[in-house]
Amino acid sequence: MFLLVTGVALFAVVHLLRGVALESMAADLYAEDTGRKVRRVKQRSHPDYPWAVVNVDRQILRSNGRGTGAMEIKAPATPGFQRLLDEGAQSQHTVQLMWAMYVLGYDWGEYVAINLEHNNGPVIHFPLERNEDLIDGMAAVADKFWHEHVE
């Protein structure tokens, strides 16, 4: 049992360290590819609901008539990166970005993935537009949870 838990923990740490090591590179390559400027931002909360917080990997700065956007960066292993190439952004990526858009009040965001081992890499990105129905549903569930289980 201990070896299994240790192995799982080590596996998770390796993926976490890969993401930390490649995040800045992915943001820089995205900026180079798109001509957009990005910057790090601190944790933020929704102006009306202080319990609704988000940590985004980067903020995509306003440019060329496009407002500010949120960026989430991942560094999946090659099989996960290939899945992104084949299928596009997954539902969990959409939900993560929609929450960021809700909290930050943005109309769009980009999910960015980096993989240095893949032939078509290293960076791919998927723009996502704000989906009010999805955001309203998430906000309602979060608000209910906050009031019923936290306060």
**Item:** Test applied, salt bridge (charged side-chain N to carboxylate O under 4.0 Å, His left out); reference residue, Arg58; option that passes from Glu72, Glu23, Glu110
**Value:** Glu23
**Request:** Would you mind reporting whether Thr94 and Phe126 have side-chain heavy atoms less than 4.5 Å apart?
**Result:** no
**Request:** May I ask you to check whether over 12 heavy atoms, not counting those of Asp86, lie within 6.0 Å of atom CG?
**Result:** yes
**Message:** Working to the nearest 0.5 angstrom, can you tell me the gap between Met101 CE and Asn131 CG?
**Reply:** 9.0 Å
**Request:** Assess the side chains of Arg130 and Tyr106: does a donor N or O sit below 3.5 Å from an acceptor N or O?
**Result:** no
**Asked** If only atom types and distance count, is the side chain of Gln90 paired as donor or acceptor with the main-chain N or O of Gly88 below 3.5 Å?
**Response** yes
**Complete:** Ala77 and Asn115 have their tightest heavy-atom pair at C-ND2, 3.4 Å
**Request:** Rounded to the nearest 0.5 Å, what's the gap from CD on Glu132 to OH on Tyr102? Could you check?
**Result:** 10.5 Å
**Complete:** Output for pair (Leu97 CG, Met71 CE), nearest 0.5 Å, gives 9.5 Å
**Minimum side-chain heavy-atom gap Met25-Leu116 below 4.5 Å** = yes
**Item:** Minimum side-chain heavy-atom gap Ser24-Arg40 below 4.5 Å
**Value:** yes
**Request:** For atom CZ of Arg66, decide whether the heavy atoms of other residues, nucleotides or ligands shown that lie under 6.0 angstrom number more than 12.
**Result:** yes
**Prompt:** Hey, are Gln96 and Tyr111 close enough side-chain-wise for a donor-acceptor pair under 3.5 Å?
**Reply:** no
**Message:** Show the nearest heavy-atom pair for residues Ala142 and Trp99, with the distance to one decimal.
**Reply:** CB-CH2, 3.7 Å
**Asked** What pair of heavy atoms forms the shortest contact from Ile60 to Ala70, and how long is it?
**Response** CD1-O, 3.7 Å
**Message:** Test of understanding: clusters of I, L, V, M, F, W, Y form through side-chain heavy atoms closer than 4.5 Å, transitively. Do Val54 and Trp146 belong to the same one?
**Reply:** yes
**Request:** Supply the atom-to-atom distance Thr78 OG1 to Arg83 CZ, rounded to the nearest 0.5 angstrom.
**Result:** 11.5 Å
**Item:** Pairwise distance CG(Leu104) to NE2(His46) - rounded to 0.5 angstrom
**Value:** 9.0 Å
**Item:** Tyr30 versus Val112, closest heavy-atom pair with distance
**Value:** CD1-CG2, 3.9 Å
**Message:** Pairing donors with acceptors under 3.5 angstrom, does anything connect the side chains of Lys74 and Gln92?
**Reply:** no
**Prompt:** Are Ile135 and Val95 in one and the same hydrophobic cluster, where Ile, Leu, Val, Met, Phe, Trp and Tyr link if side-chain heavy atoms are under 4.5 Å apart?
**Reply:** yes
**Asked** Heavy-atom distance under 4.5 Å between the side chains of Thr34 and His125, does that happen here?
**Response** yes
**Complete:** Heavy atoms of Ala52 and Val103 approach each other most closely as O-CG1, 3.6 Å
**Prompt:** Angle class for the His147/Trp51 ring planes (parallel below 30°, perpendicular above 60°, tilted otherwise)?
**Reply:** perpendicular
**Prompt:** Any link between Val53 and Val150 through a network of hydrophobic side chains (Ile, Leu, Val, Met, Phe, Trp, Tyr) touching at under 4.5 Å?
**Reply:** no
**Fill in**
Distance col, row His93:NE2 vs Leu128:CG, nearest 0.5 angstrom, shows 10.0 Å
**Prompt:** Trp108 side chain to Gly67 main-chain N or O, any donor-acceptor pair under 3.5 Å?
**Reply:** yes
**Request:** Please report the closest heavy-atom contact between Ala113 and Pro76, naming both atoms and the distance.
**Result:** CB-CD, 4.1 Å
